[in-house]
Each structure stands twice: as C-alpha cells, then as structure tokens.
Amino acid sequence: MRGFCSIWRIRQRRRSVMAEIELDVLRHSASHVMAEAVQKLFPEVKLGIGPAIENGFYYDFDLPRPLTPEDLAKIAELMRQSIRAKHPFIRQEVSREQARELFRDQPYKLELIEEMPEDEVITIYRHDDFVDLCRGPHVEHTGQLPEDAFALLSVAGAYWRGDEHRPMLQRIYGTIWHTKEELQAYLEQLKEIERRDHRRLGRELDLFSTHEEAGAGLIYWHPKGGRIRAIIEDFWRQRHFEGGYEILYTPHIGRSWLWETSGHLDFYREGMYSPMDIDGQDFYIKPMNCPFHILIYKSRRRSYRELPLRWAELGTVYRYERSGVLHGLLRVRGFTQDDAHIFCTPEQIEDEILGVLRFSLDLWKAFGFEDVQAYLATRPEKAVGEPARWEQATNSLRRALEIEGLSYEIDEGGGAFYGPKIDLKIKDALGREWQMTTIQFDFNLPERFDMVYVGADGREHRPYMVHRALLGSLERFFGVLIEHYAGAFPLWLAPVQARLIPIADRHVEYARQVQDQLRAAGLRVELDDSGERMNAKIRTAQMEKIPYMLVVGDREVANGTVSVRLRTNENLGAMPVKEFLARAQRLVEERNNTAL
RNA sequence: GCCGACGUAGCUCAAUCGGCAGAGCAGCGGUUUUGUAAACCGCCGGUUGUGGGUUCAAGUCCCUCCGUCGGCUCCA
C-alpha cells in the first residue's frame with residue numbers, strides 16, 4: 001500500500017511539474033529529440049522542419065533510403081537514451097553569417113535562413129550534439145520529456161514546403177503527452193476512431209461499397225444505405241419546401257458552350273472530365289450545378305417581384321480527384337450535393353444570408369450535430385466584382401454570423417475569386433471537425449451569363465447570387481453521420497428499426513402478424529425466422545445495431561405482447577404491441593436522436 | 001499525381017529458406033425448437049488484384065498496370 005502511494009505521489013509530482021510545460025513546447029522539443037536520433041542513425045540526413053501539431057509532432061527528413069518500422073523502433077530507443085541523459089536545451093542568437101556557416105550542409109535550413117526578414121533575430125537551439133534552426137521555446141532539458149508517454153506513429157511522404165515540385169521528404173509522425181495515462185488514452189482514442197471508420201462500418205452494416213473493377217471513388221449505395229439516404233432526402237426536401245425553396249432537376253451533361261460561358265473550362269478544367277462527343281459537339285459531365293440553374297433563371301424574363309428565388313437540387317456532380325486523395329465516402333469522384341442557389345436583390349441579401357445560416361443550423365441540429373464553428377472567408381488578392389459589392393456581401397455574412405451569435409474566425413483573403421463565403425465546420429461525437437456547409441457569394445456567374453431582373457424602376461438590374469450546400473454532399477454527410485453515431489443510427493434514420501425474434505418455430509406465425517401490424521403503421525421491421533437459437537438472433541441484431549429487438553415466445557403469443565430489448569442492452573420487458581408501437585412512433589415523429 | 005506500405009475465399013487472417021494454398025466467421029444442407037450477445041454435424045468456396053519476367057519450381061524474387069491504406073496537396 002505504501003509502495004502504491006509513493007508511486008502515486010511521484011506521478012502526482014511529475015504531473016504538476018509537467019502541467020506547467022505547455023504541450024506544444026513538449027511536442028516541439030520531442031521533435032528535436034527525434035531529429036537528433038535520426039541524425040545519429042543517418043549522419044547524412046538533411047533536415048526539413050519539425051513542428052508541434054494537434055495531438056503530437058512531426059519532423060521531415062531527406063534520407064538516403066526509406067524508413068522502416070524497425071528504424072522507428074531504433075529511433076524511439078535513441079530518443080529514450082537522450083531523455084535519460086537530460087541534455088539541456090541551449091538557446092543561442094546567431095548572426096546570419098554564423099547561421100549560414102552552421103547549416104552549410106543543410107540546404108533546407110539554408111533556404112529558411114535566406115527567406116527570413118533582414119531584421120529578424122535568428123535563434124538556434126542545441127541539445128547534446130544536435131543543433132537546429134528554431135524559434136523555440138523548448139523544455140529546459142531533454143529529461144523533462146516523459147520517456148513513457150511518447151510514441152512514433154507513422155512515416156509518410158511530404159513535399160518540402162508542401163510544394164509538389166519540390167523534393168519529397170520522409171515525415172515521421174509522433175505523439176507525446178505529459179503522462180503515460182494520457183498517451184494511452186490518446187492511443188485508445190485512435191482505436192475508437194478506427195472502430196468507427198465509416199469504411200469498415202459501411203461494409204459491416206452493408207451500407208455501401210466501392211468497386212475497383214468499376215472505378216475508384218464511385219459509391220454504390222446498398223439497400224440499407226439507400227434507405228437511410230432516402231430518409232435523409234425526404235426530410236431534406238420537406239425542410240426545403242417549408243423554408244421557401246423550390247426543387248429543380250437538371251441534366252448531368254452540358255455542351256461546351258455552357259462551360260465556356262460559366263468560365264469552368266478556364267478556371268476549373270483540371271477538376272473536369274474529358275468531354276464526350278455527341279453528334280460532333282463536346283459535352284461535359286457536370287462538376288457543378290450552378291450553370292444549369294442559371295439557365296432556368298434565364299428561361300424567361302424575371303421581375304423583382306418574384307425575387308428572392310431559392311432553388312435547390314440534389315445534384316449529382318463528377319469531379320476529377322487525384323487518385324491518392326480518394327477516401328471512402330469522404331473524398332470521392334462522383335457525389336450528390338445538396339445544392340441551392342438563391343437569386344435576390346441587393347436589399348434582400350442580408351435577410352437571405354441570415355435565413356440560410358439559420359436553416360443550416362436547424363438542419364444540423366436535426367441530425368444531432370449541435371457544435372458548429374464558422375469561418376468567414378474574405379476577398380482574395382485576385383478577384384472579380386466591384387469592391388463595394390464585396391464589402392456589402394462580406395458585411396451581410398458577418399452580420400448574419402453575429403445575429404446568430406455564432407463564434408467565427410476570419411479567413412482573410414480565403415474567399416473564392418468570385419465572392420466571399422461562410423464555411424461551417426461541424427463537430428462529431430469524437431470532437432473532430434468536418435467542413436460541410438458552404439455559403440458562397442458569386443459575383444462572377446451573373447455577369448458571365450448576363451443575368452438580369454426588371455426592377456420597380458422598369459430597368460434591368462443584376463441579381464445577387466448565392467451558392468449554398470448545407471450537408472455538403474450526401475456521400476460525405478453519410479460518412480460523417482456513420483462515424484458520429486458509430487453506425488448506431490437514431491431511430492428515425494435506422495434502416496431497420498426493429499427485428500422480431502421468435503424463440504421457436506411455433507412463434508413465427510405470431511411474429512409475422514406483429515411484423516405486418518408494425519409495418520402497416522410505418523415501422524421498418526424485419527423478422528428473423530432463421531433456424532438459429534434466440535441468443536444467436538439477438539447477437540446478430542446487436543451487431544447490426546438494430547434499435548429494437550422484439551422477442552416473442554409462448555408468453556408473448558398468449559398475451560399479445562412483445563418483449564422489447566434495446567441495442568443498448570437494456571431490456572424493457574414485455575409490453576402490448578400497441579404500447580411498443582406508440583413509443584417507437586413518438587420517437588420517430590420527434591426525430592429523437594438519443595432515446596430509444 | 002507524388003512518397004511509403006499493402007493486395008491470399010464474401011470478411012478477418014495463416015502458409016518456415018522459392019517446394020502439394022489453409023483456418024475461423026459468413027453462405028448452403030441437415031439435426032436441434034431453444035427466454036435476452038455465437039447449438040451441433042456436414043458441404044461449398046481460390047487462375048493468391050492484373051499483365052509480363054527470372055526459375056526445374058513463384059502466394060513468396062523482379063518489372064508494369066489497377067486498387068487499398070497512411071501522408072503531401074486540394075476540396076463537398
């Protein structure tokens with residue numbers, strides 16, 4: 001007991017010392033120690049950069065050969081040795097010449113030195129016999145790094161300075177925490193992320209697939225995934241009609257004229273697929289829906305009286321993505337945007353933006369995402385449209401964010417060349433942020449297509465145009481939804497809401513009656529009439545994450561009840577079928593995301 | 001696209017040094033009729049991603065392409 005206490009006390013003491021050291025500093029120092037280890041292993045290494053990042057650190061190296069997992073083990077061991085040696089970190093200011101001399105064999109460091117402003121003080125940090133160009137700060141000595149609370153996680157290629165025309169370096173990712181417990185908690189979280197991976201759950205729950213033979217980055221929605229999508233789409237449409245939107249359907253391909261006029265062939269060509277020849281004309285498959293919506297706008301003369309027009313489409317688009325970036329449902333080559341375009345007068349724009357923002361937040365809430373972070377992207381260097389319009393548009397975006405009381409960050413110059421925008425990132429159950437919603441002004445297309453409306457003054461005016469995708473794309477949204485709920489969808493979204501589990505064959509008949517009754521009432525119910533034992537049927541249903549398991553045996557048949565088991569393992573016991581139905585219907589009706 | 005790793009049955013994974021491709025689960029057939037997370041027996045299942053090369057012999061070594069994974073970059 002005493003031993004335990006003293007260990008505990010030592011841990012507490014270390015914890016309190018370590019707590020004073022910022023994690024960033026710890027991580028940055030760890031990256032230096034890692035670089036030292038790599039340099040010991042490969043004296044000829046050319047060093048890139050090695051910053052602290054969220055959850056850890058990395059360092060980029062130019063090495064004579066690819067690193068292996070065995071190398072990582074060796075590097076980690078060398079790091080532990082350095083930590084035990086308690087080498088002090090020494091900060092030193094040097095002149096530009098000294099720095100050049102010091103790093104004469106380090107081309108990447110030299111490049112960084114050359115790019116530093118003349119008046120900047122150049123500092124280096126030494127520990128042991130390792131020296132690095134570095135702003136700091138660092139821990140006092142390597143012994144302050146907990147040797148049992150770090151791990152080297154992976155090696156990956158990374159271009160020098162993120163530029164694909166520069167050499168590719170090898171990046172080692174590592175993580176370090178104050179204590180072993182925190183490290184373990186982090187590694188456990190990584191495992192949880194893996195368990196929730198939508199690609200894995202997509203297969204296990206039979207939701208979707210991709211097919212190598214038929215092309216990468218193209219999604220096949222299976223019946224269960226399709227059912228969820230249909231529910232999402234129905235709900236989405238209903239909300240849009242209620243929100244004053246109309247629904248459009250437009251073609252998948254358009255003649256080159258359309259894309260020349262829109263400017264896509266000039267500015268977005270690398271995202272588009274090669275044209276197909278139809279009767280000697282070039283047709284392109286659409287990467288965006290906007291030009292089509294504009295054609296509908298222009299199909300007749302528009303009056304200010306009919307503005308604003310809010311036109312939405314679940315529009316399927318195809319964009320070329322480099323093979324290396326494809327990722328499950330989250331990054332694909334064909335996807336369906338929940339797109340809409342709003343055409344309005346300058347006077348209406350502020351209300352419209354506020355409306356879209358509210359609408360979006362509402363929608364996210366309905367799907368169980370409460371935590372939203374906004375980003376306001378302003379005018380970039382190179383931009384089309386009058387500055388006054390930019391200013392008005394940006395202000396209306398900002399005002400909408402402020403009226404809604406949404407916390408936001410400004411992404412200075414981060415807007416598209418054709419207009420400012422608001423992006424929303426939503427946080428999932430594991431606290432990860434996903435960029436989904438985008439609300440973008442467009443000063444470009446109305447010009448290019450010469451869109452006009454007739455104002456009260458009888459003259460022609462240029463309408464404002466706003467693009468917005470709220471869920472983003474159904475594919476990506478579905479991917480995030482799967483991970484957010486770990487495949488255990490809320491009742492209203494669950495592809496199968498209840499499974500009837502007859503205990504023996506003689507109960508199948510009754511189970512079928514109950515199934516018919518529940519189905520007629522609108523519930524999605526399956527019957528497991530396989531020859532398995534009840535326990536196996538329950539296990540199967542559990543693994544499929546079906547919300548309700550309705551067990552029926554002799555007692556239920558006699559009493560006209562079902563015995564209700566939840567996928568949470570909770571057992572509600574027997575209840576009349578009507579009672580169960582009322583419960584389920586109520587939860588579906590209110591689109592309850594948590595209760596069963 | 002680039003760097004690295006990987007690709008064996010529907011899924012998860014074995015196969016020593018280059019020497020007869022194997023298991024569990026799933027599926028199918030049978031037996032069992034069961035009270036809240038896996039009954040038992042049997043059967044089926046493969047041109048080892050693709051094409052080429054080295055070798056007496058290739059899942060294993062070399063090259064090509066396709067795909068997947070981790071990144072870089074970009075984005076819904």
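Below, read A as the first sequence line, B as the second, and so on, with proteins coming before strands; counting in each chain starts at 1. Note that this is a predicted model, so its numbers are computed, not measured.
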Subject >> Inter-residue atom distance A/Thr316.OG1 - A/Glu475.CD, 0.5 Å rounding >> reply: 7.0 Å
Original post:
Between B/rG71 and A/Arg171, is there an OP1 or OP2 to side-chain N/O distance shorter than 4.0 Å?
Top reply: no
Subject >> Distance between P atoms of B/rC40 and B/rG45 (Å, rounded) >> reply: 24 Å
Original post:
A/His264 vs A/Trp259 aromatic rings, parallel, tilted or perpendicular, using cut-offs 30° and 60°?
Top reply: perpendicular
**OP:** Measure from the side chain of A/Ala216, starting at C-beta and using heavy atoms only, and say which of B/rG67, B/rC72, B/rG35 lies closest.
**Re:** B/rG67
Original post:
Below 4.0 angstrom from OP1 or OP2 of B/rG35, is there any side-chain N or O of A/His507?
Top reply: no
**OP:** Tell me whether the OP1 or OP2 atom of B/rC11 has a side-chain N or O from A/Arg200 closer than 4.0 Å.
**Re:** no
Original post:
Who is the Watson-Crick or G-U wobble partner of B/rC2, with both distances under 3.5 Å?
Top reply: B/rG71
Subject >> Rounded distance in Å - CD (A/Glu321) to C1' (B/rA76) >> reply: 9 Å
Subject >> Aromatic A/Tyr375 / basic A/Lys425 pairing, under 6.0 angstrom, 45° off normal >> reply: yes
Original post:
What nucleic acid atoms does A/Phe477 come within less than 4.0 Å of, heavy atoms only: base, sugar-phosphate, or nothing?
Top reply: nothing
**OP:** Could you check whether A/Glu544 gets within reach of a base, just the sugar-phosphate, or nothing at all, counting any heavy atom under 4.0 Å?
**Re:** nothing
Original post:
Which residue lies toward the 5' end of RNA chain B, A/Arg533 or A/Ser563, if each is placed at its nearest nucleotide?
Top reply: A/Ser563
Original post:
Could you give the distance from CZ (A/Phe343) to CD1 (A/Ile294), rounded to the nearest 0.5 Å?
Top reply: 5.5 Å
**OP:** Decide yes or no, distance alone: a donor-acceptor N/O pair under 3.5 angstrom between the base of B/rG1 and the side-chain of A/Tyr159.
**Re:** yes
Original post:
Which value, in whole Å, describes the distance between the P atoms of nucleotides B/rC69 and B/rG27?
Top reply: 26 Å
Original post:
Do A/Tyr173 and the base of B/rG71 stack face to face, with centres under 5.5 Å apart and an angle between planes under 30°?
Top reply: no
Original post:
Does any nucleotide pair with B/rG10 by Watson-Crick or G-U wobble geometry, both distances under 3.5 Å, and what is it?
Top reply: B/rC25
Subject >> Side chain of A/Ala504 (C-beta onward), nearest among B/rG7, B/rC75, B/rU33 >> reply: B/rU33
Subject >> Sugar-phosphate, base or nothing in reach of A/Asp163, heavy atoms under 4.0 Å >> reply: nothing
Original post:
Is any side-chain nitrogen or oxygen of A/Ser323 closer than 4.0 Å to OP1 or OP2 of B/rG1?
Top reply: yes
Original post:
Do A/Glu213 and B/rG49 share a donor-acceptor pair, side chain to base, under 3.5 Å?
Top reply: no
Subject >> A/Asp338 CG to B/rA76 C1', straight-line distance once rounded to whole Å >> reply: 9 Å
Original post:
Within the structure shown, what part of the strands sits under 4.0 Å from A/Asp339 by heavy-atom distance: base, sugar-phosphate, or nothing?
Top reply: nothing
**OP:** Compare side-chain N and O positions of A/Arg565 against OP1 and OP2 of B/rG35 and report whether any pair is under 4.0 Å apart.
**Re:** no
Subject >> Separation of B/rU32 P from A/Asn535 CG (nearest whole Å) >> reply: 20 Å
**OP:** Find the distance A/Glu194:CD to B/rG70:P and express it as a whole number of Å.
**Re:** 9 Å
Original post:
Expressed in angstrom and rounded to an integer, what is the separation of A/Asp554 atom CG from B/rG35 atom P?
Top reply: 10 Å
Original post:
Using a cut-off of less than 4.0 Å, is there contact between a side-chain N or O of A/Tyr268 and OP1 or OP2 of B/rC74?
Top reply: no
Subject >> Minimum-distance nucleotide (side-chain atoms of A/Glu212 versus B/rC72, B/rC66, B/rA76) >> reply: B/rC66
Subject >> Closest listed nucleotide, where the reference is the side chain of A/Phe335 and the choices are B/rA76, B/rA39, B/rC72 >> reply: B/rA76
**OP:** Using atom CE of A/Met168 as one end and atom P of B/rC2 as the other, report the distance to the nearest whole Å.
**Re:** 9 Å
Original post:
NA contact type, A/Arg506, heavy-atom cut-off 4.0 Å: base, sugar-phosphate, or nothing?
Top reply: sugar-phosphate
Original post:
Checking all strands, does A/Gly157 fall into the base, sugar-phosphate, or nothing category for heavy-atom contacts under 4.0 angstrom?
Top reply: base
Original post:
Counting only Watson-Crick or G-U wobble pairs whose two distances fall under 3.5 Å, which nucleotide matches B/rC44?
Top reply: none
Original post:
Quantified in whole Å, what is the C1' atom distance between nucleotide B/rA23 and nucleotide B/rC65?
Top reply: 32 Å
**OP:** Please report the C-alpha distance between A/Val564 and A/Asn571 in whole Å, then the side-chain angles of each, then the deciding distance to 0.1 Å, and finally whether the side chain to side chain contact (heavy atoms under 4.5 Å, CB included) criterion is met.
**Re:** CA-CA 6 Å; A/Val564 182; A/Asn571 193 342; 5.8 Å; no
Subject >> Distance, rounded to the nearest Å, where A/Glu70 contributes CD and B/rA5 contributes C1' >> reply: 12 Å
**OP:** Provide, to the nearest angstrom, the distance between the NE2 atom belonging to A/His211 and the C1' atom belonging to B/rG10.
**Re:** 12 Å
Original post:
Between A/Arg199 and B/rC69, is there a side-chain N or O to OP1/OP2 distance below 4.0 Å?
Top reply: yes
Subject >> Donor-acceptor under 3.5 Å (A/Ser360 side chain, A/Val356 main chain) >> reply: no
Original post:
Taking atom P in both B/rC3 and B/rC20, what distance in whole Å separates the two?
Top reply: 36 Å
**OP:** Looking at every strand, decide which applies to A/Asn571 at a 4.0 Å heavy-atom threshold: base, sugar-phosphate, or nothing.
**Re:** base
Original post:
Counting only side-chain N and O atoms of A/Tyr320, is one of them less than 4.0 Å from OP1 or OP2 of B/rG1?
Top reply: yes
Original post:
Going by atom types alone, do A/Gln440 and A/His467 pair a side-chain donor with an acceptor below 3.5 Å?
Top reply: no
Original post:
Partner of B/rU36 by Watson-Crick or G-U wobble geometry, both contacts under 3.5 Å, or none?
Top reply: none
Original post:
Looking only at atom types and distance, does a side-chain atom of A/Arg567 sit under 3.5 Å from a main-chain N or O of A/Gln542, one as donor and one as acceptor?
Top reply: no
Original post:
With both distances under 3.5 Å as the test, what is the Watson-Crick or G-U wobble partner of B/rC61?
Top reply: B/rG53
Subject >> Base paired to B/rC20 (Watson-Crick or G-U; both N/O distances under 3.5 angstrom) >> reply: none
Original post:
B/rA37 and B/rC75: how far apart are their P atoms, nearest whole angstrom?
Top reply: 50 Å
Subject >> Touch class at under 4.0 angstrom, heavy-atom based, for A/Met436 against every strand present >> reply: sugar-phosphate
Original post:
Counting any heavy atom closer than 4.0 Å, what does A/Gly531 reach on the DNA or RNA strands: base, sugar-phosphate only, or nothing?
Top reply: base
**OP:** Classify the nucleic acid contact of A/Val317 as base, sugar-phosphate or nothing, counting any heavy atom under 4.0 Å across all strands shown.
**Re:** nothing
Subject >> Aromatic ring proximity A/Phe61/A/Tyr59, centre distance under 6.0 Å >> reply: yes
Subject >> Distance, C1' atom - from B/rA14 to B/rA39, rounded to whole angstrom >> reply: 27 Å
Original post:
If we take the P atom in both B/rC41 and B/rU32, what is their distance in whole Å?
Top reply: 15 Å
Original post:
When you compare B/rU64 with B/rG1, how far apart are their P atoms, in angstrom units rounded to a whole number?
Top reply: 14 Å
Original post:
With a 4.0 Å cut-off, would you call A/Glu483 and A/Arg195 a salt bridge?
Top reply: no
Original post:
On RNA chain B, nearest-nucleotide positions of A/Gly553 versus A/Ala469: which is more 5'?
Top reply: A/Gly553
Subject >> Selection from B/rG4, B/rC11, B/rU34 that lies nearest to any side-chain heavy atom of A/Pro66 >> reply: B/rG4
**OP:** Ignoring the backbone of A/Ile538, work out which of B/rC75, B/rU36, B/rG1 is nearest its side chain.
**Re:** B/rU36
